There are 2 protein chains.
Amino acid sequence: MRAAIFRKGDLVADTIPDPVPQAGQVLVKTLACGICGSDLHAFHHADKMVEAAQRSGSSFTMDLKRDIVFGHEFCAEVLDHGPGTEKKHKPGTRVCSMPIAVTLNGEKADMQPVGYSNEMPGGFAEQMVLNEMLLLEVPNGLPTEQAALTEPMAVGWHAVEKARLTDNDIPLVVGCGPVGLAVIAGLKIKNIHPIIAADFSPARRKLAEKMGADIVIDPAAHSPYKRWSDEATPEGYDPKNLMTLLGMGPQLRPGVIFECVGVPGIIQQIFEGATRHARVVVVGVCMEQDRFEPFFGINKELNVQFVLGYTPEEFALTLHHLAEGQIDGAPLVTAKVGVEGVKEAFSELGNPEKHAKILVEPWR
Amino acid sequence: MRAAIFRKGDLVADTIPDPVPQAGQVLVKTLACGICGSDLHAFHHADKMVEAAQRSGSSFTMDLKRDIVFGHEFCAEVLDHGPGTEKKHKPGTRVCSMPIAVTLNGEKADMQPVGYSNEMPGGFAEQMVLNEMLLLEVPNGLPTEQAALTEPMAVGWHAVEKARLTDNDIPLVVGCGPVGLAVIAGLKIKNIHPIIAADFSPARRKLAEKMGADIVIDPAAHSPYKRWSDEATPEGYDPKNLMTLLGMGPQLRPGVIFECVGVPGIIQQIFEGATRHARVVVVGVCMEQDRFEPFFGINKELNVQFVLGYTPEEFALTLHHLAEGQIDGAPLVTAKVGVEGVKEAFSELGNPEKHAKILVEPWR
């Protein structure tokens, strides 16, 4: 089959053997697969990523000397069933799945991340094998390109769930790439307002508004933290008022900041901009060493929740959010390419004015 | 009055003017006042402390060119009442107070931290002025030296309250200085077991046992994180079991790690040692820049709660914990000195084998 292959540090279009479904697995045709920021990171810093994964106990332990096919944000079509399957989904059925391949050996399970594995080619190839038990049929005639957004949108939904939101919270989303946009979509579903979002890119700010942001800020022109803090300040609030100091007068509305950038320095910037008792949800994946001053966190009694991925329930619910129109993912998809176009797409994604999500259609 | 004064970077015993109680304030005689790790930090790094406080919006904004009298962990005796007081406590009454001096101007309040202020001398002086409304009478004939432990013990209790503990949690206390010991005391009151505590010092480990630790670890000999993770592992747990992977089989008991050291590098060490979904409560006050790898937090979905101080309710409850014998603070007090002995005591506190808490008795 044709695939865009990460081979010796480069991305090449080539032919590799068709995958063969094992016990409990289903062979599928990839219909569409999004390119994720983590794919870009893996392309540029694969060695660091593998090293950090090994030290932190992650399952992303690829052998970089061998071929890897990226792609973990996919919608696919059932082609054939492996041994020991229930054949729940007929050939031709469109499905989504968490990008995990489980190989069973009795009750023992070997888990491989589809798209970051030497054994399990991801969605930048014409075919994949997936576990039957993880397949979710695409409902409501949801277009394939939106179904392929289930995975990144589930990341945002999970972050919003982990934020332990209350109706009184004021959210600030720092960074409006696909992760930040997914968080905004989740906040809109939760009906938490005003949703404040910040990004240097005008195109990204427009997308943020489309996804549900009530207030968008260009950090080059205004401080997002100042605006956020203003929104959190009730009328007549006076931090020097005795009753307020004793916790009995008007208080700032609690704030929650979603870090959706994932580069060194952002956490310290948030620590400096946060109001007292704010919660910080770190959704951006920074794989480098970072520096910060704990004293800011201590003095403000901040809470920092690091998040990753989603639960099976959150993934399934996100597919339904898309299918029922609670999330309109269409504006996010800015281009579609075949396997030959993947390398250029990786480069083009560096321009936030031009692109948000590029889908790979390996059958092209 | 006599006082141990922080003057131009040195600690000197000298005479300063007696303080005069303002509206709502009470003049007290300091009976005993503990030396805190923050006092040591302020002594050695006052300029950094003030700079960090200013940048982070803290109220610890002293003028280092003028005299400062440290001391915020005190028990005192009422001497006289200022104007506009209710005279609730007769002269001779022993009292504790949160180390805050509030000066009222109508409904406006100016707050000064007693012991870190040019205006409000702390407990290393013979007399202080305190706010009548914050005074708590020492109950049950609790000895003065134990009542003076209310403040540091309240820090531990607050940290334990902020940890959102469940009965199933396994706590690990990293560092058994006064802060760690206060956390252990709080965990014992909450009846969360086993309480695991780690410190390089044999004397501190003995104190940890006295305060309620069930398991004490010398990190030079064994990994506290390994032992903690072993305790969290249920019989028959297998991370490769499919049901466990799907969240339906036996799971690790949730863990909460209390960082009670407060030096750079500890947070990263905890990130490396923590189990998935652990909560980290940062009680140690690190005032320097720190480095860490966010990827560890992300990959394990850690939660980090920074804490500082306590609420008025927590402070009052802690005094009752001491008075009712739920905390026996006696073993913590390892020496008592007069104002002339403060400077040497600051130096002696560097030896964890010899000292935990030294009390200053300025009337000596």
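For the numbers below, each heavy atom of this structure counts, side chains included, while hydrogens, waters and symmetry mates do not. Chain identifiers are assigned alphabetically (A, B, ...) following the order of the sequence lines, protein sequences preceding nucleic acid strands; residue numbering begins at 1 within each chain. Keep in mind the model is a prediction, meaning the values are calculated, not measured.
Side-chain contact annotation: B:Q269 with B:Y225, donor-acceptor N/O pair under 3.5 Å present.
Between chain A and the residues B:V282, B:L302, B:D110, the most heavy-atom pairs under 4.5 angstrom are made by B:L302. Annotation: maximal heavy-atom pairing with chain B below 4.5 Å, among A:R279, A:R276, A:M133, occurs at A:M133. Chosen from A:V285, A:T311, A:V307, the residue pairing most often with chain B at heavy-atom distances under 4.5 Å is A:V307. Chain A forms more heavy-atom pairs under 4.5 Å with one residue of B:K300, B:Q268, B:H158, B:E272 than with any other, namely B:H158.
For a residue to count as touching a neighbouring chain, one of its non-hydrogen atoms must lie under 4.5 Å from one of that chain's; by this rule B:I100 does not touch chain A. Contacts between B:D238 and chain A at a heavy-atom distance below 4.5 Å involve the side chain alone, from C-beta outward.
Nearest heavy atom pair, residue A:L135 against residue A:S97, reads CD2-CB, 4.0 Å.
With a 4.5 Å cut-off on side-chain heavy atoms, B:F306 and B:K162 do not count as touching.
A:D169 has no carboxylate O lying under 4.0 Å from a charged side-chain N of A:R164, or vice versa, which leaves the two without a salt bridge. Salt bridge annotation for A:E231-A:R253: absent, with no cationic side-chain nitrogen under 4.0 angstrom from a carboxylate oxygen.
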